[in-house]
Amino acid sequence: MSISTKYDPIEVEDKWYQYWLENNFFHARPNPEKEPYSIVIPPPNVTGELHMGHMLNNTIQDILIRKARMEGKEACWVPGTDHASIATEAKVVRMLREKGIKKSDLSREEFLKYAWEWKEKYGGIILEQLKKLGASCDWERTAFTMDDDYYKAVIRVFVDLFNKGYIYRGLRMINWDCEAQTALSNEEVIHDENGEKSILYSVKYKIKDSDEYVIIATLRPETIMGDTAVAINPKDERHNHLIGKKALVPFINREIPIIGDDYVELDFGSGCLKVTPAHDQNDYEIGLRHSLEVVDTINLDGTLNEKCEIPRYVGKDRFEVRKLIIEDLGKTGLIVKEEESVTKIGRSERTNTVVEPKLSLQWFIKMKEISRKAHAAVMEDEILLYPTKFKNTYNHWMKNVRDWCISRQLWWGQRIPAYYFGKVEEDFVVAETPEDALNLARDKSGNSNLTTDDLQQDPDVLDTWASSWLFPIEVFHAFGDDKFDAQKGKLIKGKNADLDYFYPTDILVTAPEILFFWVAKMIIAGYEYMDEKPFRNVYLTGIVRDKLHRKMSKSLGNSPDPLELIKEYGADGVRTGMLFSSPAGNDLLFDIKLCEQGRKFANKIWNAFRLVKNWKVDENRPSDQNDFALNWFEARFNQALTRLEDHFSKFRMSDGLMTVYKLIWDDYCAWYLEMIKPPFGEPIDKATYDRTIDFQERLMKILHPFMPFLSEEIWQQITNRTTEQALIVSEWPEPKAFDKLLIDTASTAFEVVTNIRNIRNSNNLSPKEALELQILTSSKEVIEKASSAIQKMANLSNLTFVTDKPDNCMHFVLQSGEYFVPITGEIDVESQIEDLKKELEYNMGFLSSIMKKLQNERFVNNAPGKVVEIERKKQSDAEVKIKALEERLAKLI
RNA sequence: GGGAUCUUAGCUCAGCUGGUUCAGAGCACUUGGUUUACACCCAAGGGGUCAUAGGUUCGAAUCCUAUAGGUCCCACCA
């Protein structure tokens, strides 16, 4: 039988994924016999494609869920997708535009039909891609934030929050995207770090009934016609005499008050600020303080309207008007200065157009009250964030939480269930269905003749996060009619087996940039509807960057195609590659070399398996010469497993992988297998073979979460397994107590081996040439225990203990004793002397630093006895070593 | 402007409550190797005043203060 020396992941991976699926290993259901363990996936955008961030995220989740499954928990990983209203709508609009269809030519229903078609076509892609990665999601539970149930849940929650008084409709300064014609949340507005160049104009405003002028500075002259005041800092000696007078707006000569407000900076521009409440957040707030008139001169599409009073400007885009008005102001000599200025102007994340601050009627959630428990939960460690530094960030944000604008002027999403029936702003009702709305409207208006035709539903949809904040609850179909107590506004316990069993989930793995968008909001919803947190732990991954520290993105073109990567390196290789460089919470500098390292690791494991697989067993062969190796590896395995568990408990995935990596590569392959390996062609004894198989099985178990495919393949090849015996559902090993002394003995032995190999290296001695070793030591037992291993690993013909120092030897001194290797060839005495001198010098320096400490009375008196003891031991060890080196040196000279 | 956080080997990072895990790991690098499991490999080796300056202490990579530089979040000057 021959097995390839190269591990080929491609066929193996598809085979096992299919096998796991067919046997339903990913599916979980409430099981009172077992402890639940659940994770909900951060739902990717429904029309998105897998990128490196997803790869990292989902690898981590899969590792956790696989380990939990092996630990005998009922492990449930719920997958799903997010309808992502803005992103998806933008894509659909673009797609339609390419077909020559304008959104504005379509009815809402027609548009949604296209959107759903788009969703059906592309919606599943990303989940299929996750399967290639090995994600062991419970696919039967796949959720979509616009599923019928889910849609209803979101509406139900809106109505409930409205009835509880958390939702209100209000006039607010919002970020308006003139191109997409929608409001944007602050988070969707991008400010370029370096700012953008712009020109700051100084413009003269005449003072009424006077020849004086006031000079204001503005970046946005096109908003001049919306000015309703000029503000001056009352402390400003230069201008404060003007406060109380009136200024005249250029061209239209509107009289506006000159007011005092300390918002105005003394040393920016001219010190006088034109106040345009309709078009600037700060100006709006100044306006509120001084009860200023609001003149809104800009339309939703960014053109100016007739309120600007200048016909030449009406209907033209704000940027065009800027050019025109500068021309006009220039002609009349009103511009006194133009200077270059850099401003951190906001642009829409989606359309990249300059965001227009705009007053608009929007729906809001009052955040202060509703977020209180969510704030406390993190501060009091009811929910743990990894890494913990995000706790501070979270705190800062929650303390200063602002009301959440949840309406979006889009069609793709849950439509706001508010129905208008009259002329006045207050003439609306909020209800889950049009029928309920009609009843409410009849009550509210006192007009029992109202019909559904008199009701107009709000055209806007809800912010995506206002649906995905229910994800950890609603994936379990929580808000059904009989499960929700509308009176209390709570979900009823005991009505939903899945929810009762799996909620709260164990961990959420997501990106730090959506800590507030999504994580905080889920916590809020969790406490509001379940009186319970949605997850115990939050693991925040870093951003995947390239070697130049740039964020990997499609637009930069610096992101490899994940599926291509998987093809080339295998899913196992890519998974480990991602993890090799991924400390929790830090950005990951992705380097394709790491995937290569992952692939090499897979190959290494494969070959170790091949070696063992090909051994012939001889039942009659004695095994005692391997006792040391067997017992040592047993101890070493448990030591590593203990470490691994510790890493897992702190979500240090990268360290966990490295622990397994070193255990397999260094300890198992480089030392253990080499120690027990029979000479070529010879069989191995039964006892050693059996235990090696046992080791290999346990190694595959702890490898499985990281490299599920390779480990399952080897597992199944070691022995024929029944379905129930598949590795994916096998039992995770318990860390046992281990013999630390034995591990120390082994490292002493390995140190000896390394030194002998070193001697070979520096004397050009072939590893095939057997050497002799003579040892002068006071602790013979330690070496004796490991002597057969040392002989084998160092290729010694002979290992003897001596009482006198032999001549003509290569020589080294270790803590454990003095070692002599007679060699036949010429010994380079000069270089030996050189080396000895160096080593001696180092040890003398070491000793003197210790002596300094020990001679310091304050150290001896104050330091704990144990520490002093250690120093004394160091001293005597160093003295012994120095003595040996000196004697040796004397002999050579 | 407010806040957080970081600076340890060429690179990416570990180093928890100050003392044997104290100067570490992986990769990269150098040297040598056709040792029948693996050249996707083996063996050995060289790399660091722990950002800088002070302080606390018997003792500091670890605690404190300041400085410099980086990263992130929030707010934002018209």
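Order of the sequence lines sets the chain letters (A, B, ...), proteins ahead of strands, with each chain counted from 1. FYI, side chains are in, hydrogens and waters are out, and symmetry mates aren't considered; it's all heavy atoms of this structure.
- Sorted by first and then second residue, the side chain to side chain donor-acceptor pair (under 3.5 Å) pairs involving residues 666-677 of chain A (not counting sequence neighbours) are A/Arg636-A/Asp667, A/Tyr668-A/Gln696, A/Tyr672-A/Thr692, A/Glu674-A/Lys677.
- Residues of residues 597-605 of chain A that place a heavy atom closer than 4.0 Å to RNA chain B, in numerical order, are A/Gln597, A/Arg599, A/Lys600, A/Asn603, A/Lys604.
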Produce the list of close N/O pairs, under 3.5 Å, pairing protein atoms with atoms of nucleotides 2-11 of chain B; give distances to one decimal.
residue	atom	partner	partner atom	Å
B/A4	O3'	A/Asn392	ND2	3.1

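- Among the heavy atoms of the strands, none lies under 4.0 Å from A/Asn400.
- For A/Phe680, the listed nucleotide lying nearest its side chain is B/A37; candidates were B/G26, B/A37, B/C76.
- Remark: C1' of B/C16 and CZ of A/Phe651 are 17 Å apart, rounded to the nearest angstrom.
- Using a 4.5 Å heavy-atom cutoff, the side chains of A/Lys881 and A/Glu839 are in contact.
- For A/Arg610 and B/A39, the CZ to P distance is 9 Å, given to the nearest whole Å.
- With rounding to whole Å, A/Leu611 atom CG is found 4 Å from B/A37 atom C1'.
- With sequence neighbours excluded, the residues forming a salt bridge (Lys or Arg N to Asp or Glu O under 4.0 Å) with A/Glu356 are A/Arg220, A/Arg318, listed by chain and number.
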> Dot-bracket for RNA chain B: what is it, with Watson-Crick or G-U pairs under 3.5 Å, [ ] where a pair crosses earlier ones, and | for a pair to another strand?
Replying inline: (((((((..((((.....[....)))).(((((.......))))).....(((((..]....))))))))))))....
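- One atom, CG of A/Leu657, and another, C1' of B/A25, lie 13 Å apart when rounded to the nearest Å.
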Nucleotide N/O of nucleotides 44-48 of chain B paired with protein N/O under 3.5 Å:
residue	atom	partner	partner atom	Å
B/A44	OP1	A/Thr754	OG1	3.3
B/A44	OP1	A/Arg757	NH1	3.4
B/A44	O4'	A/Asn761	ND2	3.1
B/A44	O2'	A/Asn758	OD1	3.1

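- In this structure, CG of A/Asp262 is placed 18 Å from P of B/A78, rounded to the nearest angstrom.
- A/Lys6 meets the salt bridge (Lys or Arg N to Asp or Glu O under 4.0 Å) test with no other residue; sequence neighbours excluded.
- Side-chain polar atoms of A/Tyr263 and A/Asn282 form a donor-acceptor pair below 3.5 angstrom.
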Could you run down the sub-3.5 Å N/O contacts of the protein with nucleotides 57-59 of chain B?
residue	atom	partner	partner atom	Å
B/C58	O2'	A/Asn856	ND2	3.1

Please table the atom pairs, donor to acceptor, closer than 3.5 Å between any side-chain atom in residues 602-612 of chain A and protein atoms at least two apart or in another chain.
residue	atom	partner	partner atom	Å
A/Asn603	OD1	A/Tyr7	N	2.8
A/Trp606	NE1	A/Ser4	O	2.8
A/Asn607	OD1	A/Arg610	NH1	2.4
A/Asn607	ND2	A/Thr5	O	3.1
A/Asn607	ND2	A/Asn603	O	2.9
A/Arg610	NE	A/Ile3	O	3.2

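- When rounded to the nearest whole Å, the span between CZ of A/Arg220 and P of B/C77 equals 12 Å.
- Residue A/Ile870 is classed as a base contact, given a heavy-atom separation below 4.0 Å to a base.
- Side-chain proximity of A/Leu273 to B/C38, B/A78, B/C16: nearest is B/A78.
- In summary, the side chains of A/Glu871 and A/Gln875 do not present any donor paired with an acceptor at a separation below 3.5 Å, with no hydrogens or angles considered.
- In this structure, the side chain to side chain contact (heavy atoms under 4.5 Å, CB included) partners of A/Ser649, at least two apart in sequence or on a different chain, are A/Asp646.
- Residues forming a salt bridge (Lys or Arg N to Asp or Glu O under 4.0 Å) with A/Lys740 (at least two apart in sequence, or on another chain): A/Asp744.
- Residue A/Ala231 is out of contact with every strand shown, counting any heavy-atom pair closer than 4.0 Å.
- Using a 4.0 Å heavy-atom criterion, one finds that A/Tyr661 contacts the sugar-phosphate atoms exclusively.
- By the salt bridge (Lys or Arg N to Asp or Glu O under 4.0 Å) test, A/Asp655 is found to be paired with no residue, residues two or more places apart in sequence or in another chain being considered.
- Across all strands shown, A/Lys6 has heavy atoms under 4.0 Å from base atoms, whether or not it also approaches the sugar-phosphate.
- Considering only the side chain of A/Thr218, B/A78 comes nearest among B/C16, B/A78, B/A75.
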